[in-house]
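In what follows, a single structure is set out as structure tokens and then discussed.
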Amino acid sequence: MGGQSGVPRTQRRPRDRVRGGREARLLGIDLARGAALLAMMATHILPTLAQDPGTGTVSATWVGTVLSGRAAALFAVLAGVSLTLGRVPAERNRRGLALRAAVVAAVGLTLGLARVDVAVILVVYAVLFWCSLGVLGLRRQTLGLLAVAWILLAPVAAYLLRPLLLAATSPLRLGHNPSWPDLADPVRLLADLTVTGYYPALEWFGYLLVGLWIGRADLARTGTQVWLVLGGGGAAVLAKACAWAFLGPLGGLNALLATPQARVWPLRAMLEANLTGVDQTGTWWWLTSAAPHSGTPLDLLHTAGTSAAAIGAFLLLARIGPLARTGLLAPLAGAGG
């Protein structure tokens with residue numbers, strides 16, 4: 001019968017399942033965010049490239065091969081997911097999101113005063129949050145289509161804009177982390193944050209869109225978590241396969257190695273580990289790689305795919321009750337939370 005509450009048992013069970021699944025969902029997101037933080041620390045502390053002292057050959061390290069590009073992308077995708085969570089999602093608290101972004105920007109500009117060899121992403125995060133205000137009200141299907149279009153087209157726009165911005169009388173690039181004094185030159189600051197900097201928001205906004213699309217799904221369902229792993233992994237493999245075909249059989253790598261950039265940089269190794277610092281100009285073949293931090297369509301597709309797969313995997317991991325009860329996951333979840 002209905003019991004003391006007067007609500008039929010068949011109506012109470014789904015609510016109970018959602019409540020239990022939501023706890024696992026939040027734990028899985030915290031685990032993924034904690035893993036992203038640790039991986040980002042590793043890419044900044046440990047070398048992504050190494051030189052053989054005997055031959056002088058430069059090659060990618062395991063950190064460059066496994067974590068570079070993927071760690072920061074996962075954190076950015078999770079930023080989009082986080083906007084859909086909580087008792088009051090960002091869609092219903094846009095003013096709060098705008099103010100939170102302002103605080104994040106202030107912290108980032110302050111950290112930028114410390115001249116350290118670490119790329120501070122916080123100011124770009126603030127820009128991404130402000131940009132998200134215009135898309136929070138979109139339906140999930142529309143967000144998915146916009147994310148796909150953004151991943152495909154934004155890198156092309158950046159490829160066309162970057163040479164124009166760098167060819168200015170005073171190149172519109174900071175060359176360091178943005179800080180408070182850079183506000184005196186807002187045009188250069190905006191160009192660096194959106195196109196010419198370490199984390200160009202024009203391309204990285206695609207990650208936030210993917211995160212919003214993922215966050216609008218029923219992440220408490222096992223089926224959703226499995227599809228994130230399979231779909232994300234499939235997209236990641238497809239992107240790398242296309243990049244291999246473009247650079248290998250179709251001759252893209254030879255075209256890139258013939259550019260002036262290849263005489264300055266260990267390009268073959270950087271295509272595996274980190275393409276930061278290399279001006280991708282002079283040939284459209286730059287857009288065919290999936291190199292970490294290249295910002296190409298295939299790079300964005302690959303890292304968005306690995307991010308989705310990682311989120312799904314950590315959500316599934318959080319469902320393992322005996323493992324969660326051991327407390328082994330608590331440090332990672334605590335860092336992510």
Any sub-3.5 Å donor-acceptor pair from D299's side-chain atoms to G295's backbone N or O?
-> yes
Taking atom OG of S289 and atom CD of Q280, what is their separation to the nearest 0.5 Å?
-> 6.0 Å
Distance-minimising heavy-atom pair for A313 and V229 = N-CG2, 3.4 Å
Applying the 4.5 Å side-chain criterion to the ILVMFWY set and letting contacts propagate, would L128 and L109 be lumped into a single cluster?
-> yes
Could you list the donor-acceptor pairs under 3.5 angstrom formed by side chains in residues 68-83, with sequence neighbours left out?
from, atom 1, to, atom 2, distance (Å)
S68, OG, A273, O, 2.6
R70, NE, H302, NE2, 3.0
R70, NH1, T65, O, 2.7
R70, NH1, V66, O, 2.7
R70, NH2, H302, NE2, 3.1
S82, OG, R33, NH2, 2.6
S82, OG, L78, O, 2.8

For W213, look at atom CH2 and say whether over 12 heavy atoms of other residues, nucleotides or ligands are found less than 6.0 Å away.
-> no
V156 with W285, same ILVMFWY side-chain cluster at under 4.5 Å = yes
For S307, what residues pass the side chain to side chain donor-acceptor pair (under 3.5 Å) criterion, not counting sequence neighbours?
-> none
Would you check if the side chain of T194 reaches a backbone N or O of L190 as a donor-acceptor pair within less than 3.5 Å?
-> yes
Does G64 offer a backbone N or O that forms a donor-acceptor pair with the side chain of T48 under 3.5 Å?
-> no
Nearest heavy atoms of A35 and L332, plus distance in Å | N-CD1, 3.5 Å
List, by chain and number, the other hydrophobic cluster members for L164, where Ile, Leu, Val, Met, Phe, Trp and Tyr join if side-chain heavy atoms come within less than 4.5 Å, directly or indirectly.
-> none
Decide yes or no on side chain to side chain contact (heavy atoms under 4.5 Å, CB included) for W62 and L67, but give the supporting numbers first.
-> CA-CA 8 Å; W62 73 269; L67 301 180; 4.1 Å; yes
Treating Ile, Leu, Val, Met, Phe, Trp and Tyr as nodes and any side-chain heavy-atom pair under 4.5 angstrom as an edge, say whether V120 and F129 lie in one connected cluster.
-> yes
Under the 4.5 Å side-chain heavy-atom rule for ILVMFWY, direct or indirect, which residues accompany V118?
-> V116
What do you reckon, are the aromatic ring centroids of W150 and F205 less than 6.0 Å apart?
-> yes
Supply the atom-to-atom distance L301 CG to C242 SG, rounded to the nearest 0.5 angstrom.
-> 8.0 Å
For the residue pair L323 and L329, establish whether any side-chain heavy-atom pair is separated by less than 4.5 Å.
-> yes
Side-chain contact, heavy-atom cut-off 4.5 Å: Y199 with Y125?
-> no
For residues L189 and P178, report the shortest heavy-atom separation together with the two atoms involved.
-> CD1-CB, 3.7 Å
Look only at the side chain of Y207 and the backbone of L300, and say whether a donor-acceptor pair between them is shorter than 3.5 Å.
-> no
Side-chain donor-acceptor contact under 3.5 Å, T296 with W286 | no
Which of parallel (below 30°), tilted (30 to 60°) and perpendicular (above 60°) describes W284 and Y159?
-> tilted
Consider only side-chain heavy atoms of I, L, V, M, F, W and Y, link residues closer than 4.5 Å, and tell whether L202 and L122 are in one cluster.
-> yes
Less than 4.5 Å apart, any side-chain heavy atom of V127 and any of W204?
-> no
W130: side chain to side chain donor-acceptor pair (under 3.5 Å) partners, not counting sequence neighbours = none
Salt bridge (charged side-chain N to carboxylate O under 4.0 Å, His left out) contacts touching residues 229-251 (sequence neighbours left out) | none
Is there a donor-acceptor contact under 3.5 Å linking the side chains of D182 and H176?
-> yes
Using the test side chain to side chain donor-acceptor pair (under 3.5 Å), find all partners of R94 that sit at least two apart in sequence or belong to another chain.
-> none
With rounding to the nearest 0.5 Å, note down the distance linking SG in C131 to CG in L136.
-> 11.0 Å
Under 3.5 Å donor-acceptor, T196 side chain and L172 backbone = yes
Would you say L133 and V124 are hydrophobically clustered, going by side-chain heavy atoms of ILVMFWY under 4.5 Å?
-> yes
Check whether any side-chain heavy atom of T84 lies under 4.5 Å from a side-chain heavy atom of L212, and answer yes or no.
-> yes
Residue pairs meeting salt bridge (charged side-chain N to carboxylate O under 4.0 Å, His left out), one or both in residues 152-170, sequence neighbours left out, come to R162-E203
Separation between CG (L146) and CG (L153), nearest 0.5 Å, reads 10.0 Å
Hey, could you give me each pair passing salt bridge (charged side-chain N to carboxylate O under 4.0 Å, His left out) that has a residue in residues 45-60? Not counting sequence neighbours.
-> none
Going through the distances and angles, do R216 and L143 end up as a side chain to side chain contact (heavy atoms under 4.5 Å, CB included)?
-> CA-CA 9 Å; R216 294 282 183 84; L143 280 171; 3.6 Å; yes
Grab the two heavy atoms, one from L298 and one from A239, that are nearest each other, plus how far apart they are.
-> O-CB, 3.4 Å
For residues I29 and I311, determine if any side-chain heavy atom of one lies less than 4.5 Å from a side-chain heavy atom of the other.
-> yes
Under 3.5 Å, side chain of Q225 to main-chain N/O of G312, donor-acceptor pair present?
-> no
Return the minimal non-hydrogen interatomic distance between G233 and A309, and the atom names on each side.
-> N-CB, 3.8 Å
Of all the heavy-atom pairs spanning A60 and L49, show the shortest one and how long it is.
-> CA-CD2, 4.1 Å
Residues that E272 engages under salt bridge (Lys or Arg N to Asp or Glu O under 4.0 Å), provided they are two or more places apart | none
For residues 250-271, please give each side-chain donor-acceptor pair under 3.5 Å, one per line with the distance, not counting sequence neighbours.
from, atom 1, to, atom 2, distance (Å)
T259, OG1, L256, O, 2.5
T259, OG1, Q261, OE1, 3.4
Q261, NE2, D279, O, 2.6
Q261, NE2, T281, O, 3.1

With T169, which residues qualify under side chain to side chain donor-acceptor pair (under 3.5 Å), at least two apart?
-> none
May I ask you to test the N177-L111 pair for a side-chain heavy-atom distance under 4.5 Å?
-> no
What distance separates L138 CG from E91 CD, expressed to the nearest 0.5 Å?
-> 9.0 Å
